[in-house]
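Comments concern the structure below.
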Amino acid sequence: MSEFLTSRKKDYSLWYNELVKKAGLAENSAVRGCMVIKPYGFSIWEKMQSALDTMFKETGHSNAYFPLFIPKSYFSKEASHVEGFAKECAVVTHYRLRNSADGKGVEVDPDSKLEEELIVRPTSETIIWNTYKNWIQSYRDLPLLINQWANIVRWEMRTRLFLRTAEFLWQEGHTAHETEKEAREETLKMLDVYRKFAEEYLAIPVYSGIKSESEKFAGAVDTYCIEGLMQDGKALQMGTSHFLGQNFAKAFDVKFSSRTGALEHVWGTSWGVSTRLMGALVMAHSDDDGLILPPKIAPLHVVIVPIYKSDDEFTRVSEVALKILSEIKSLGLTVKFDDRKDHKPGWKFSEYEMKGVPVRIALGPRDLQNGTAEVSRRDTKEKKLYAISTLEKEIPKLLDEIQKNLFKKALDWRTQNTCQANDFAQFKKVLDETPGFVMAHWDGTKETEERIKDETKATIRCIPVDGSAEKGKCMVTGKDSARRVVFARAY
RNA sequence: CGGGGUGUAGCGUAGCCCGGUUAGCGCACUAGACUGGGGGUCUAGAGGUCGCGGGUUCAAAUCCCGCCACUCCGACCA
C-alpha cells in the first residue's frame, strides 16, 4: 500500500532500519556503532523514562549518579564479571592532546599516559559497590535502593539502531539488602515492574523467567528477564533483573553489623532496561505504513488536520479546530493542530501515520456544516465520523481502546506463535514453520543447551518462574525434566 | 573480528564491466501560478570534494592499493 517503506514481508530488517529513520527516531552517527537519537525518538524515550521512574519511586528507590569512568583494577575484583565484559570495554589511556608536529591536527600526548587506565562503564556494579562500601555499616543503612539513569558503552562488533549499539542509554538499579530473602524479593519485584511496564505501557506481552546458567549476567547468581516476541517471530530480551547474592559485597568488602551484632556481607541486586525498548516498540506493533505507538507512550496523542480550499475556509476550520484542541488538551492529552499551509492533507496523513500518532482528526468545511469530524485511529486505520460535541468524551475512550487493542493483537500474535514440541525433530520443524516461542522439555544441562543452539540457532530465552510445572522428558536426551522452558531464535 | 555486498545532491538511484562532452533521472528544496476530504499540476530555478587518502594515465565516478562507513552472513555478545 505504501511506497514509503519496504514491506515487512519483503525484507523485515530493511523495513526496521528504514522505519527508525523515516519516523524520525534515530540515525547513524559519524561514530561507528553509535546512534543519534532524534527529537521524536527521544521524546518517546522520555515517556518511557518518566513512567518507569515513577514506578521505581513508588517502590522506594532513589536516583543517584555514578561516574562514567571506572578504574581498571575494579574489574578484576569479581572474576566472572570481568570475564563477561572484558571483550567489549572501551579504555581511556591518556588525558591530553597536543598539536601534532606537522601542525595539521592533534595527537595524543604520550606524556599524559594515565597511571591507572580507566574503563568506560559497560555497567556500573563495580564502581557502585566500591561506593556502597562507604555507605553501609549497619543494618540500619539497609536496604539501600538506588537507581541511575545513564549512558553506557559496550564495544559491539555488529550494531543495529536501538537493538544493539556501542553506546546506549539505560537505567540501572543497584540495591543492597540485609538478607538473601529480601534481595531475592527485590529481584522479582523489579522484574515484575518491568513486566508490568512492558504490558501496560508498551502493550507488549512478555514471558518472564530465569535465565539458564550460560545466559545469565556475568557476576550474578541468578538472572531473570522478560522476553517479548517481535513480528518476525524472533524473541527480544527487554529487561533483566539480577540476584547478585553476596558476590559484589565480597569482592568490594561491603559488610554490615547485623541485628545480632555479627559482621555480615550484604546481599545485592541489579536490574536494567535500555533504549533497546525503542526497538521492541517498533518491531512489536508497527506496520508497512509506519510506526504504531501505544497511546500511553506516544508523545503526541492526537493531531488535527484542517481541510480547506480558500483562506476563508481555513479561518473558519481553524476556529473550530482550536476549540477542539483546547478541549482535548484540558483532558491532559497532547494534541497538535497542524495548520502548516505548505503540505496538503494527504501528505500530512501519511506523515503522522509514519510517526505513529494514535488518533487523527480531519476537519473540513463539510464537517463544519454537519457539526462532525472525521476521526481515524492509527492501529486499525479505521475512520469514523463523530459529532464535534462528543469528541471530548470519545477521544479518551478511543485512546484507551487503541492501547488495549495493541496489547491484544500482540498477545494473539504470541499465542499463535507459541508452540509446544516434544521431540527434537518436531522442535526444528516448528521453529521453521511458525517462528516464535517453542515450549519444550530440557534436561537442564549446558551440553544439551549448546547442542540445540548449534543445530537450530534457538536459545533458551527463559525458564518460566510461575505457571504450572509439568514433568516430562528432555526433547533431546530423554532425561527427566521438571518443566517446559521457553526457546526461540532471538535478537 | 573473518567472508560477501554497497557508498554518486537531503533521500532514492543511472553511469563504472570497456577511462574521454557540462555526471543524468525521480522525490524533496526555492520562486510563482493554479490547487486542496489520502503524499497535486505546470513553469522557472538552485543544489555535486562522485565516502576518504594515495597511485596509474595526456585524462579517473570509472582501473589499482589502502582506509572509513553502512549492510547481510558467521563468530562473539545484552
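FYI, side chains are in, hydrogens and waters are out, and symmetry mates aren't considered; it's all heavy atoms of this structure. What you are looking at is a predicted structure, and each value in this text was computed from that prediction instead of being measured. Throughout, a chain's letter reflects where its sequence line sits, starting with A, and its residues are numbered from 1.
- Heavy atoms of other residues, nucleotides or ligands lying less than 6.0 angstrom from CH2 of A/W347 number more than 12.
- Place A/F168 and A/R160 on RNA chain B by their nearest nucleotides, and A/R160 ends up nearer the 5' end.
- Counting non-hydrogen atoms under 4.0 angstrom, A/G279 reaches nothing in the nucleic acid.
- Dense packing is recorded around CD of A/E107, with more than 12 heavy atoms of other residues, nucleotides or ligands lying under 6.0 Å away.
- Base pairing of B/G47 is not made with any nucleotide, judged by Watson-Crick or G-U wobble geometry with both donor-acceptor distances under 3.5 Å.
- For A/K87, no side-chain nitrogen or oxygen approaches OP1 or OP2 of B/C76 to under 4.0 Å.
- Put simply, NZ on A/K21 is 9 Å from C1' on B/U71, counting in whole angstrom units.
- Side-chain to base pairing of A/R154 with B/C77: no donor and acceptor N or O lie closer than 3.5 Å to each other.
- Comparing atom distances between the A/Q237 side chain and each of B/C1, B/A78, B/U71 picks out B/A78 as nearest.
- Residue A/E319 qualifies as open at atom CD: its count of foreign heavy atoms under 6.0 Å is 12 or below.
- Spacing between B/G12 and B/A59 at atom P, rounded to whole Å, works out to 34 Å.
- In this structure, B/C42 forms a base pair with B/G32, meeting either the Watson-Crick or the G-U wobble geometry with both donor-acceptor distances under 3.5 Å.
- A/F66 and A/I146 get closest at one heavy-atom pair: CE1-CG2, 4.0 Å.
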Is there any protein nitrogen or oxygen under 3.5 Å from a nitrogen or oxygen in nucleotides 26-29 of chain B, and what are the pairs?
none

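- Residue contacts for A/T240: at a heavy-atom cut-off of 4.0 Å it reaches no nucleic acid atom on any strand shown.
- Heavy atoms only, all atoms of each residue included: A/L363 and A/A373 are closest at CD1-CB, 3.9 Å.
- Residues A/G346 and A/Y491 each lie close to RNA chain B; by heavy-atom proximity, the contact nearer the 5' end of the strand is made by A/G346.
- Residue A/R360 places no side-chain N or O under 4.0 Å from the OP1 or OP2 atom of B/G38.
- Nearest to the side-chain atoms of A/R276 among the listed nucleotides B/G37, B/G38, B/A78 stands B/A78.
- Atom pair A/R366:CZ and B/G38:P shows a separation of 9 Å (rounding to whole Å applied).
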### Query
Does the pair A/W129 and A/H81 meet the rule for a ring-ring contact (aromatic ring centres under 6.0 Å, His included), with working shown?
CA-CA 13 Å; A/W129 280 91; A/H81 189 64; over 10 Å; no
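- Between A/R32 and B/A69 there is a side-chain N or O to OP1 or OP2 distance below 4.0 Å.
- Across all strands shown, the partner of B/G10 is B/C27, judged by Watson-Crick or G-U wobble contacts whose two distances both fall under 3.5 Å.
- The side chain of A/D367 sits closest to B/G37 out of B/C72, B/C70, B/G37.
- Of the candidates B/U71, B/C77, B/G36, B/G36 carries the atom nearest the A/K344 side chain, counting heavy atoms from C-beta on.
- Following rounding to the nearest Å, A/E215 (CD) and B/A78 (C1') show an atom-to-atom distance of 9 Å.
- The partner of B/G2 is B/C73, by the rule that a Watson-Crick or G-U pair needs both atom distances under 3.5 Å.
- Counting distance only, with no hydrogens placed and no angle test, the side-chain atoms of A/E353 and the base atoms of B/G38 include a donor-acceptor pair under 3.5 Å.
- Shown here, B/U62 forms no base pair; nothing in the strands shown gives a Watson-Crick or G-U wobble contact with both key distances under 3.5 Å.
- Between the side chain of A/K383 and the base of B/G38, a donor-acceptor pair under 3.5 Å is found.
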### Task
Take A/F437 and A/F487, measure what ring-ring contact (aromatic ring centres under 6.0 Å, His included) needs, and give me the verdict at the end.
CA-CA 6 Å; A/F437 290 120; A/F487 286 91; over 10 Å; no
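- If you check every strand for non-hydrogen atoms under 4.0 Å, A/T165 touches a base.
- Closest to the side chain of A/R158, out of B/G38, B/C73, B/G37, is B/C73.
- Evaluation of the salt bridge (Lys or Arg N to Asp or Glu O under 4.0 Å) rule for A/K38 yields A/E27 as partners, not counting sequence neighbours.
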